[in-house]
Amino acid sequence: MSESRPFLIQGFSSDDLARNMGTNRRYLSRAVNMMAGKSIRDYINYYRVMYAAELWLRNPALKVSALSDLSGFTSPDSFSDAFKKVMKKTPTEWRSTGGSVLK
């Protein structure tokens, strides 16, 4: 995920990830849940949010809508929801408090 960054493709799904990994979605879902403690969707969105946060730190002038597009989300609302789930703050709150990227 972190090298080829398939999550940047809008609409990239659990089926796409399973196909890229040469397995089926059910097996991959169990493996991701066991190893990462997340659903596949949350796993993909985690990578998208971390990418967006790093991008925003490098270019603070970017708007939320641009970050949403650049990080593979289909809408600013889905971006904001996922961002809050990962960072525990809305994008605006995170940015106004100095923003730092979790590892």
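Nothing here was measured: the structure is a model prediction, and the numbers come from that model.
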Heavy-atom distance under 4.5 Å between the side chains of Tyr27 and Val32, does that happen here? no

Give, for atom CD1 of Ile40 and atom CZ of Arg26, the distance between the pair rounded to the nearest 0.5 Å. 11.5 Å

Close side-chain approach of Asp81 and Asn45, heavy atoms under 4.5 Å: no

Does some side-chain heavy atom of Phe12 sit less than 4.5 Å from a side-chain heavy atom of Leu17? yes

Less than 6.0 angstrom separating the ring centers of Tyr43 and Tyr47, yes or no? yes

A cation-pi test, strictly: NZ or CZ of Arg48 under 6.0 Å from the centre of the six-membered ring of Phe79 and no more than 45 degrees from its axis. Yes or no? no

If two hydrophobic side chains count as joined below 4.5 Å and joins carry through other members, does Met1 share a cluster with Met34? no

Main-chain N/O of Leu67 paired to Ser71 side chain as donor or acceptor, under 3.5 Å: yes

Stepwise side-chain contact (heavy atoms from CB on, under 4.5 Å) check, Val49 with Met87: CA-CA 8 Å; Val49 167; Met87 298 299 210; 4.0 Å; yes

Are the side chain of Glu54 and the backbone N or O of Tyr51 linked by a donor-acceptor pair below 3.5 Å? no

On a heavy-atom basis, the closest approach of Leu28 and Ser14 is CD2-O, 4.3 Å

Could you check whether any side-chain N or O of Ser68 sits under 3.5 Å from a backbone N or O of Val64, counting only pairs where one atom can act as donor and the other as acceptor? no

Hey, are the side chains of Pro91 and Trp56 touching, using non-hydrogen atoms and a 4.5 Å cut-off? yes

Determine whether more than 12 heavy atoms belonging to other residues, nucleotides or ligands lie under 6.0 Å from atom CZ of Arg95. yes

Do Ser13 and Asp16 meet the criterion of a side-chain donor-acceptor pair at a distance under 3.5 Å? yes

Show your working on side-chain contact (heavy atoms from CB on, under 4.5 Å) between Arg58 and Leu55 and close with a plain yes or no. CA-CA 5 Å; Arg58 287 194 308 268; Leu55 192 60; 3.6 Å; yes

Nearest 0.5 Å please: distance from the NZ atom of Lys88 over to the CZ atom of Phe83. 12.0 Å

Is there a path of hydrophobic side-chain contacts, each under 4.5 Å between heavy atoms of I, L, V, M, F, W or Y residues, that connects Met35 with Met21? no

Decide whether a cation-pi geometry holds between Lys38 and Tyr46; the criteria are a distance under 6.0 Å from NZ or CZ to the six-membered ring centre and an angle within 45° of the ring axis. yes

Indicate yes or no for a side-chain donor-acceptor contact from Ser80 to the backbone of Asp77 under 3.5 Å, with no hydrogens or angles considered. no

Evaluate side-chain contact (heavy atoms from CB on, under 4.5 Å) for Phe73 paired with Leu8, printing each intermediate quantity in order. CA-CA 8 Å; Phe73 286 94; Leu8 295 178; over 6 Å; no

